[in-house]
Amino acid sequence: MKIRYCSKCLFPETKPDLFFDENGVCSACISAELKNQNIDWNQRERDFYSIIEHYRLPKKEIGYDCLIPVSGGKDSTYQAYFMKEVCGLNPLCVCFETTSLTEIGQKNLDNISKMGIDLIYFKKNYDVYKKMVIESFRRVGDEMWPNHIGIFTVPVNIAFKFKIPLIIWGENPQQEYGGPNLESVKNNILNRKWLEEFGGLLGNRIQDMVGVEGLTEKDLTPYYYPSDEEINKIGVTGLFLGSYFYWDARKQLEIVKEHGFSVKEDGPVEGTYTNYENLDEKMHGLHDYLKYVKYGFGRATDHACIDIRNNRISRSEGIELVKKYDGKYPIDSINEFVKYSGLDISEIDEIIDSYTNPFIFKQGSNGEFIRDDNGNLVKNFEIE
């Protein structure tokens with residue numbers, strides 16, 4: 001038995017929330033076809049401008065027209081640029097502090113405020129967050145789990161506190177990377193339902209962290225999504241910008257570079273072949289590697305699939321990039337995680353192995369996972 005791969009891109013059937021049609025084409029590629037052929041983007045643009053006019057404050061009224069969650073990455077920088085410079089709104093940007101910020105990440109965050117935009121930088125309780133990082137690494141195999149909670153809950157909570165009803169998110173992940181059905185692909189709103197279904201919670205909820213190392217509900221205050229009553233009181237609505245304008249990260253990258261955004265100049269980011277994404281976090285390579293051991297594909301596959309769908313590379317070229325960059329043991333990220341968590345490498349590797357999929361990766365007679373001369377896992381199947 002072999003893993004089935006999409007006939008157009010490189011996504012495997014092991015990817016969560018992915019489906020294939022009768023021709024072996026995955027939902028992400030089906031979505032790309034809808035983007036290219038079935039969507040009237042001129043009408044979508046008119047719809048968007050009509051929506052934001054409803055939220056635009058009168059010129060003499062003090063306040064913010066919208067809120068934009070930002071990381072300092074290319075996408076959120078583009079969102080900030082677009083809402084201010086193209087739409088003429090007065091946005092408030094909100095950043096939930098990542099686990100271990102890089103120098104270039106700090107530079108790109110600072111650049112957003114230099115673009116003439118107010119930015120709130122939410123620094124989390126270090127001890128509370130660290131306890132969740134270590135627990136989520138052990139419990140669900142994702143050391144970035146509390147970050148994925150915070151980036152969605154903190155901006156919404158601040159929108160409620162500031163009484164800002166419109167939140168602008170970036171790409172629709174189900175539209176760009178595939179979803180469990182076409183309804184998820186067509187969805188243009190990010191709300192509590194979306195967070196619980198697609199927000200990377202991995203079956204774990206913030207309530208499940210109560211009691212971990214003495215954590216209380218009050219300790220976890222920032223990580224709770226506002227109640228439906230609070231949301232309805234202000235009328236907070238979160239829209240995907242990518243549902244209204246054709247999302248092309250590489251084209252948008254060129255725009256934000258003209259407005260001060262910096263990329264990694266000394267080579268690609270760990271785990272992929274690009275130099276413009278996941279620049280803010282020192283340990284993101286570990287997060288991507290954990291996805292690789294669970295599902296058999298990593299960040300290089302994500303990027304290659306996008307480039308294939310946008311006709312920048314062929315499928316065969318994508319396969320070569322994936323073979324070269326995907327699934328390499330993330331030495332830099334692991335070393336950073338050792339310093340941050342206090343865990344030693346043997347314990348970290350043991351936890352990683354506990355999440356490694358034995359159907360995808362070869363094992364020896366004693367159940368140990370087989371690695372090549374470079375220390376990388378050996379697959380049972382090669383991509384075709």
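No experiment lies behind these values; they were computed from the predicted model shown.
The side chain to side chain donor-acceptor pair (under 3.5 Å) analysis of residues 350-360, with sequence neighbours excluded, yields the pairs D353-R371. Residue pairs meeting the salt bridge (charged side-chain N to carboxylate O under 4.0 Å, His left out) criterion with at least one member in residues 278-290, sequence neighbours excluded, do not occur. Within the structure, every pair that satisfies the side chain to side chain donor-acceptor pair (under 3.5 Å) test and touches residues 69-86, not counting sequence neighbours, is listed here: K74-E277.
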Side-chain donor-acceptor pairs of residues 268-275 under 3.5 Å, sequence neighbours excluded:
residue: E270; atom: OE1; partner: S333; partner atom: N; Å: 3.2
residue: E270; atom: OE1; partner: S333; partner atom: OG; Å: 2.7
residue: E270; atom: OE2; partner: I331; partner atom: N; Å: 3.2
residue: E270; atom: OE2; partner: D332; partner atom: N; Å: 3.1
residue: T272; atom: OG1; partner: H303; partner atom: ND1; Å: 2.7
residue: Y273; atom: OH; partner: H303; partner atom: O; Å: 3.2
residue: Y273; atom: OH; partner: A304; partner atom: N; Å: 3.1
residue: Y273; atom: OH; partner: D307; partner atom: OD2; Å: 2.7
residue: T274; atom: OG1; partner: H303; partner atom: ND1; Å: 3.2
residue: N275; atom: ND2; partner: K264; partner atom: O; Å: 3.0

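Scanning for ring-ring contact (aromatic ring centres under 6.0 Å, His included) contacts around H284 gives H287, with sequence neighbours left out. When the salt bridge (charged side-chain N to carboxylate O under 4.0 Å, His left out) test is applied to K131, no partner is found at least two apart in sequence or on another chain. Checked against salt bridge (charged side-chain N to carboxylate O under 4.0 Å, His left out), K291 has the following partners two or more places apart in sequence or in another chain: D302. Partners of F20 under the ring-ring contact (aromatic ring centres under 6.0 Å, His included) rule, at least two apart in sequence or in another chain, do not exist in this structure. Looking at residues two or more places apart in sequence or on another chain, you find no side-chain hydrogen bond (donor to acceptor under 3.5 Å, both in side chains) involving E45. By the salt bridge (charged side-chain N to carboxylate O under 4.0 Å, His left out) test, E213 pairs with no residue at all, sequence neighbours left out. Residues meeting the side-chain hydrogen bond (donor to acceptor under 3.5 Å, both in side chains) test with E53, sequence neighbours left out: R56. Shown here are the side-chain hydrogen bond (donor to acceptor under 3.5 Å, both in side chains) partners of S314, two or more places apart in sequence or in another chain: S316, E317.
Checked for salt-bridge contact, K339 and E336 meet the test: a charged N lies under 4.0 Å from a carboxylate O.
Test K107, Q106, K114 against D110 for side-chain hydrogen bond (donor to acceptor under 3.5 Å, both in side chains) and you get one pass: Q106.
Using a 4.5 Å cut-off on side-chain heavy atoms (C-beta onward), F359 and I3 make contact. With a 4.5 Å cut-off on side-chain heavy atoms, Y292 and T301 do not count as touching.
Between K35 and Y246 the shortest heavy-atom distance is CE-CE1, 3.7 Å.
In this structure, W145 has its ring center at least 6.0 angstrom away from the ring center of Y223.
Q43 and D47 are linked by a side-chain donor-acceptor pair at a separation below 3.5 angstrom, with hydrogens and angles left out of the test.
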**Prompt:** Stepwise, does the side chain to side chain contact (heavy atoms under 4.5 Å, CB included) test hold for E13 with L18?
**Reply:** CA-CA 7 Å; E13 62 182 327; L18 194 74; over 6 Å; no
**Asked** Checking side-chain hydrogen bond (donor to acceptor under 3.5 Å, both in side chains) for the pair Y329/D349: CA distance, chi angles, key distance, verdict?
**Response** CA-CA 10 Å; Y329 186 82; D349 285 343; 2.7 Å; yes
**Prompt:** Under the ring-ring contact (aromatic ring centres under 6.0 Å, His included) criterion, do F11 and F297 qualify, and how do the steps go?
**Reply:** CA-CA 8 Å; F11 274 157; F297 74 101; 5.7 Å; yes
